[in-house]
Amino acid sequence: TTTLGFIYQGGVVMAVDSRATGGQYIGSQSVRKVVEINDLLLGTLAGGAADCTYWYRVLTSECRLYELRNKKKISLAAATKIMNNIIYSYKNSGLSMGMILAGGDMNQVSLYYLDSDGTRTTGKVFSVGSGSIFALGVLDSGYKWDLKDEDAYELGRRSIYHATHRDAYSGGTVRVYHVKKDGWNLISEEDCLNLHRRYQAEKNN
Ligand SMILES: C#CCCCC(=O)N[C@@H](Cc1ccccc1)C(=O)N[C@@H](CC(C)C)B(O)O
């Protein structure tokens, strides 16, 4: 898996691949690794497929229960704290999860990283998964706060593409999302083989 999220002047860009593997066996090329928590919050999943899928659903139901009980949307800080407390209660029991969570938080967007060790931090640039070392090489060299939206989307796309090219455990579809303080939307989803042809053609011109 390769997942990433970064904050810039236009909000947050999140990008992921879609491959699931069991050893050298490819279990799926169509995993949705960007998950909707509600219409303001998005998350990315990396690690154990069952762990990520199960606990993301628990988080989603906790967020909905918060809304029903409090008659207001949950903040990103609160949603990540709920997830972190759950994960921490299972520390050292073998969970394997790395999540990036983004969304509106008290009238601004913010970005959190959570993992099954119990880490919960905010930041501007995160990449998580077996391919994150490749993605970060591209992402860190291209990141600026002042990126224009289209350039930010392309930076996320290229970063995931390079990881799918070099990491055997990443591949399939490259999905790019844009998260703003008032909502998120899907920007693009392209097969990494098509991206490969496009980027190789650019090199040959
Ligand atoms: C094949 C198959 C079923 C999925 C097995 C399965 O959890 N694979 C994991 C890798 C892993 C992790 C921990 C123990 C063993 C195998 C996987 O593909 N994770 C990807 C993300 C999830 C959400 C799809 B990525 O992190 O590579």
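In listed order, ligands and their atoms are each counted from 1. Positions are given from 1, in the same order as the sequence printed here. Excluded from the calculations below are hydrogen atoms, water molecules and symmetry mates; all remaining heavy atoms, backbone and side chain alike, are included.
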[X]-ligand 1 polar pair, N/O distance under 3.5 Å:
X: Ala49; result: yes
X: Thr1; result: yes
X: Thr21; result: yes

Worksheet item: For Arg175 and Lys33, what are the C-alpha separation, side-chain angles and deciding distance, and is it a side-chain contact (heavy atoms from CB on, under 4.5 Å)?
Response: CA-CA 9 Å; Arg175 292 193 176 94; Lys33 298 182 187 179; over 6 Å; no
Discussion item. Could you tell me, atom by atom, which parts of ligand 1 come under 4.0 Å of a heavy atom of Gly27?
Written reply: 1 (C)
Discussion item. Closer than 4.0 Å to some heavy atom of Ala46 - which atoms of ligand 1 meet that?
Written reply: 26 (O)
Fill in: Flag: protein heavy atom within less than 4.0 Å of atom 12 (C) of ligand 1
yes
Fill in: Protein contact for atom 15 (C) of ligand 1 (heavy atom, distance under 4.0 Å)
no
Discussion item. Is the ring pair Tyr143/Phe6 parallel, tilted or perpendicular, if the boundaries are 30 and 60 degrees?
Written reply: perpendicular
Worksheet item: Around atom CZ of Arg198, are there more than 12 heavy atoms of other residues, nucleotides or ligands at under 6.0 Å?
Response: yes
Item to complete: State whether the number of non-hydrogen atoms from other residues, nucleotides or ligands found under 6.0 Å of Tyr199 atom OH is greater than 12.
Response: yes
Worksheet item: Could you state the interatomic distance from OG1 (Thr1) to CG (Asp17), rounded to the nearest 0.5 Å?
Response: 5.0 Å
Discussion item. If you take the nearest heavy atom of each of Ala20, Gly22, Gly47, which one is closest to atom 22 (C) of ligand 1?
Written reply: Gly47
Discussion item. Are the side chains of Arg157 and Ile187 in contact, using a 4.5 Å heavy-atom criterion?
Written reply: yes
